[in-house]
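The structure appears below as structure tokens.
Predicted model, so just to flag it, every value in this text is computed and none were measured. Counting starts at 1 for both ligands and their atoms, in listed order. Computed over heavy atoms, backbone and side chain alike; hydrogens, waters and symmetry mates excluded.
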Amino acid sequence: MSSRPADLLIARAVRRGGPWLAVLAATALLGAAADLLLPAALGRAVDVVVRIQSRTGAGPGAETGAGSGAGAGVGAGAGGEAAFGLTGPLATAVLLIALVVACDALGVLAAGVSGARAARWLRSRVVAHTLSVGAGMTRHLAPGEIVTRAGVNVEEAGRTPEAVVTAATLVVPAAGSVVALALIDPWLAVTLVAGLLLIVAVLRAFMRRTTAASGGYQQAQGEIAGMLVGALAGARTITAAGTEDREAARVLAPLPRLRAHGLALWRLQARAGVQAAVVVPLLEIAVLAAGGLRLSAGGLTVGELLAAARYVVLGAGLGSALGYAARIARARSAAQRLEELFAVPPPAYGDRPLPPGPGTLELRDVTVRADGTRLLSGVSLVVPGGTCTAVVGRSGSGKSSLAAVAGRLVDPERGAVLLDGVPLREIGREPLRRAVGYAFERPALFGETLAEAVAFGLPPGDGTAHSTARSRDKARTENATRSRDTARTENAARAAAVAACADVFIRRLPHGYATPVAEAPMSGGEVQRIGLARAFAQAGRLLILDDAMSSLDTVTERQVGRALTGSLSGRTRLVVAHRVTTAAQADQVVWLEDGRVRATGTHERLWHDPGYRAVFRAEDAS
Ligand SMILES: Nc1ncnc2c1ncn2[C@@H]1O[C@H](COP(=O)(O)OP(=O)(O)OP(=O)(O)O)[C@@H](O)[C@H]1O
């Protein structure tokens with residue numbers, strides 16, 4: 001994958017640092033400037049001392065105590081002058097040191113906050129995008145992989161603001177040192193530039209190799225997480241089969257690869273560290289040697305040589321960018337993995353509203369394909385508004401695929417699905433999701449309490465009064481409307497729970513509808529009933545039940561079946577059925593075989609066909 005989108009993503013994440021980024025850059029630049037000025041201030045102080053010493057004749061002669069009284073007087077006057085002359089450079093040096101310390105402290109804070117903001121932005125985008133793609137995302141990547149990317153990789157990519165800004169500001173002392181050395185002596189500057197070019201070459205090679213190695217490391221990490229989450233989903237099966245050790249070995253299979261990439265990263269870091277560690281002192285020696293020669297030739301003062309020695313250390317500080325380069329490299333490979341998530345497009349919704357209608361569902365020559373396999377081929381059928389259609393067929397015949405395409409959980413590769421004459425692709429997400437309710441064989445329950453689990457997905461009210469209300473009166477009206485809407489939602493959810501035979505067992509719980517979902521002791525059939533209630537409450541005009549009653553006992557199934565043909569009969573119903581009773585209650589039956597419609601008609605008519613009867617015998621036998 002090209003690293004360009006990843007680099008763009010990093011740039012956008014860095015920008016999320018906002019004003020803290022400016023603080024980070026300002027403290028880094030100010031600190032660098034103070035660092036640059038410090039050698040000059042110290043050099044000046046040394047030169048003042050040397051000048052005073054040479055004027056007073058201090059040094060070897062003074063140490064021997066030689067000198068006249070007048071000379072001593074001159075020495076005392078010069079000593080006072082020295083103290084006075086030193087005050088300026090020393091005070092400047094103290095101020096500069098204080099500035100460096102303050103910049104360091106503020107820089108740490110700014111780095112932390114800007115990094116946290118970048119990570120928050122990345123994480124929100126990853127989560128929102130993953131959920132908007134929905135089931136399509138898990139067809140591309142295992143859930144554990146996705147979680148690793150949203151967690152670990154987001155953290156790595158989010159750490160970039162500090163690394164990028166600090167690495168960029170390291171250029172300032174390097175460039176400043178070159179300029180300062182050029183002012184002292186051009187040959188010293190040339191020596192430093194040669195050394196810096198070498199350091200940049202080391203850094204570039206290090207970055208390239210580290211990006212590749214950390215990509216491999218992160219991939220192995222994601223694979224382990226993906227397989228662990230998969231294994232946990234089947235934990236009961238693993239325990240029942242007694243295959244824990246074998247599973248652990250399977251989950252940890254990428255471990256040798258992880259280790260190899262980890263070692264490669266350490267090796268790269270060590271090698272580049274050694275290279276930088278060799279180049280920097282060599283550079284210092286080279287500059288000092290050149291400076292020493294110039295000093296002996298009278299072209300430099302001692303203070304200038306001292307300043308030059310400090311400038312070369314500052315300039316070669318570019319070598320300390322190694323740590324930042326490693327962080328940027330890891331962030332780039334992490335950003336590439338995030339880009340792979342963003343590359344999976346969410347379903348595009350239209351903007352058409354649904355006109356009033358009975359809920360007539362029509363499939364026109366629909367073909368559905370997944371991973372190269374054809375799940376449905378040229379399926380055409382009409383479910384008249386307000387009627388119930390049962391979808392039957394042997395296991396693997398395409399019933400769930402038909403249920404999925406009928407409410408746009410997947411899109412057909414060819415053909416069209418229409419609700420009341422409007423192609424599903426053209427309907428806006430909101431009206432589509434309000435019009436269609438789904439119940440599944442193994443529903444996932446969301447919400448804190450059972451009441452919320454049943455009402456999940458229901459709008460608290462129709463919201464029309466909320467959006468325009470501005471004045472206080474309007475706000476009061478809005479609150480009243482909201483309370484009315486909430487009450488209406490609760491009533492709708494209760495009525496749906498009654499129809500799905502969930503109300504009976506919910507009310508038997510000590511806290512009834514207020515029971516936290518996580519603490520509600522529910523059987524598979526009871527969970528299915530909550531799922532059914534949720535779908536009954538949500539479905540505006542089309543209700544799709546995909547094997548949603550498989551765990552219900554016969555009595556409960558008959559009761560729910562009565563609700564389907566009674567209180568819910570105003571809606572169009574598409575019911576994937578395995579039992580004869582469900583098919584017999586439906587207005588029409590669609591019989592699928594190998595992803596095609598084998599026949600359509602009433603159950604009574606189809607029952608004459610031995611093949612049709614065999615579908616139910618096969619279901620009973622399975
Ligand atoms: N994502 C997918 N990729 C490839 N093949 C798939 C995918 N989903 C389903 N299939 C295959 O498509 C066929 C139809 O699956 P579908 O779930 O629609 O059948 P079904 O009639 O609902 O089966 P069952 O009654 O056992 O639930 C099956 O052979 C299944 O293995």
Side-chain angles (χ1 to χ4, degrees), residues 130 133-146 226 229-230 233-234 237 344-347 361 363 365-381 383 388-415 417 424 436 438-444 524-525 527-528 531-532 535 543-552 557 573-583 586 588-600 603 606 611-622:
T130 303
V133 175
M137 187 63 92
T138 48
R139 274 199 290 275
H140 281 78
L141 291 165
E145 256 282 1
I146 298 169
V229 170
T237 310
V344 185
L361 174 73
L363 274 74
D365 194 21
V366 164
T367 294
V368 173
R369 193 186 288 275
D371 302 332
T373 309
R374 222 180 241 209
L375 313 187
L376 292 177
S377 304
V379 171
S380 293
L381 63 96
V383 183
C388 179
T389 291
V391 183
V392 305
R394 293 195 175 182
S395 183
S397 57
K399 301 181 293 295
S400 292
S401 308
L402 177 57
V405 82
R408 220 193 149 199
L409 293 186
V410 297
D411 280 326
E413 178 191 71
R414 214 174 42 135
V417 185
L424 297 191
V436 184
Y438 263 103
F440 304 99
E441 183 183 4
R442 283 186 293 272
V527 172
Q528 269 195 350
L532 281 165
L543 181 58
I544 300 172
L545 309 187
D546 182 3
D547 215 1
M549 297 189 282
S550 55
S551 299
L552 304 189
E557 195 214 354
R573 288 139 290 154
L574 189 72
V575 184
V576 171
H578 286 96
R579 295 183 187 166
V580 183
T581 43
T582 317
Q588 73 166 344
V589 176
V590 173
W591 173 17
L592 289 183
E593 200 170 78
D594 296 331
R596 297 174 186 275
V597 176
R598 163 100 186 247
T600 310
H603 175 70
L606 292 175
Y612 179 75
R613 293 199 298 274
V615 168
F616 298 98
R617 275 203 299 278
E619 288 299 332
D620 289 343
S622 61

Output, in order, the C-alpha distance, side-chain angles, deciding distance and verdict of side-chain contact (heavy atoms from CB on, under 4.5 Å) for Val392 and Leu592. CA-CA 6 Å; Val392 305; Leu592 289 183; over 6 Å; no

Assess the side chains of [X] and [Y]: does a donor N or O sit below 3.5 Å from an acceptor N or O?
X	Y	value
Thr367	Glu413	no
Asp365	Ser380	no
Thr582	Glu557	yes

Atom pair CD/CG of Gln528 and Leu552 - distance to nearest 0.5 Å: 5.0 Å

Indicate yes or no: does an N/O atom of Ser397 lie under 3.5 Å from an N/O atom of ligand 1? yes

At less than 4.0 angstrom from any non-hydrogen atom of [X], what atoms of ligand 1 do you find?
X	answer
Ala370	1 (N), 2 (C), 3 (N), 4 (C)
Arg394	21 (O)
Ser400	17 (O), 18 (O), 20 (P), 22 (O)
Ser401	15 (O), 16 (P), 18 (O)

Check His578 against ligand 1 and report side chain, backbone, both or neither, counting heavy atoms closer than 4.0 Å. side chain

Under a heavy-atom criterion of less than 4.0 Å, does Gly393 contact ligand 1? no

Among [options], which residue places a heavy atom closest to [atom]?
atom	options	answer
atom 9 (C) of ligand 1	Val410, Val576, Thr373, Leu375	Leu375
atom 29 (O) of ligand 1	Gly396, Ala404, Ser395	Gly396
atom 25 (O) of ligand 1	Lys399, Glu441, Arg374	Lys399

His603 ring center near Tyr612 ring center (under 6.0 Å): yes

Taking the side chain from Lys399 and the backbone from Gly393, do they hold a donor-acceptor pair closer than 3.5 Å? yes

